[in-house]
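First the structure, in the form of structure tokens, and then the observations on it.
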Amino acid sequence: MAAPALRWASLRRVARALQEVSRPGGPSVAARLACLPRMTKAVAKGEYSQVSPAHLALVAAAAAYVASPVDLLPEALLGVIGLADDALVLSWLATTLVEDTDAYLTWEQARRTTVKGERLS
């Protein structure tokens with residue numbers, strides 16, 4: 001009984017993330033995807049501290065889990081429950097990517113307009 005409710009909640013989170021991505025004047029999906037390597041590099045260099053290396057590793061693991069044919073809870077054996085874990089991971093991944101790329105792109109824009117040596121918040 002809880003699995004369908006959980007699945008719908010996950011789908012609503014994905015829908016909200018898609019709405020956020022497609023808002024007028026916001027960064028495009030392509031811009032968000034293009035900033036991921038820059039964000040990873042900035043985190044690795046210690047320049048960008050709003051995201052930790054562990055968080056980036058978790059995002060990469062979630063993306064690999066969603067793309068992987070290997071599943072912890074296989075749909076063939078567990079039906080709806082097997083889909084629920086995929087929906088949860090996908091909804092977390094979509095929401096996290098939207099939030100992280102929004103914050104990074106804002107930080108990156110502020111960095112471009114900042115005088116060298118001035119401290120960023």
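- Under the 4.5 Å side-chain criterion, counting only non-hydrogen atoms from C-beta, Gln50 is not in contact with Val43.
- Scanning both residues, Tyr48 and Trp107, for their nearest heavy atoms gives CD1-CD2, 3.4 Å.
- Looking at heavy atoms from C-beta onward, Leu105 lies in side-chain contact with Arg38 at the 4.5 angstrom threshold.
- Nearest heavy atom pair, residue Ser28 against residue Ala31, reads OG-N, 3.0 Å.
- Nearest heavy atoms, Arg32 versus Thr101: NH1-OG1, 2.8 Å.
- Between atom OH of residue Tyr104 and atom OG1 of residue Thr40 there is a gap of 9.0 Å, rounded to the nearest 0.5 Å.
- Scanning both residues, Leu93 and Ala63, for their nearest heavy atoms gives CD2-CA, 3.7 Å.
- For Met39 against Asp100, the heavy-atom pair with the smallest separation is SD-O, 3.9 Å.
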Applying side chain to side chain contact (heavy atoms under 4.5 Å, CB included) to Leu58 and Trp92, what does each step give before you reach the verdict? CA-CA 11 Å; Leu58 193 57; Trp92 179 83; 3.9 Å; yes
Quick one: do Tyr65 and Leu90 satisfy side chain to side chain contact (heavy atoms under 4.5 Å, CB included)? Show the steps, please. CA-CA 9 Å; Tyr65 181 77; Leu90 183 60; over 6 Å; no
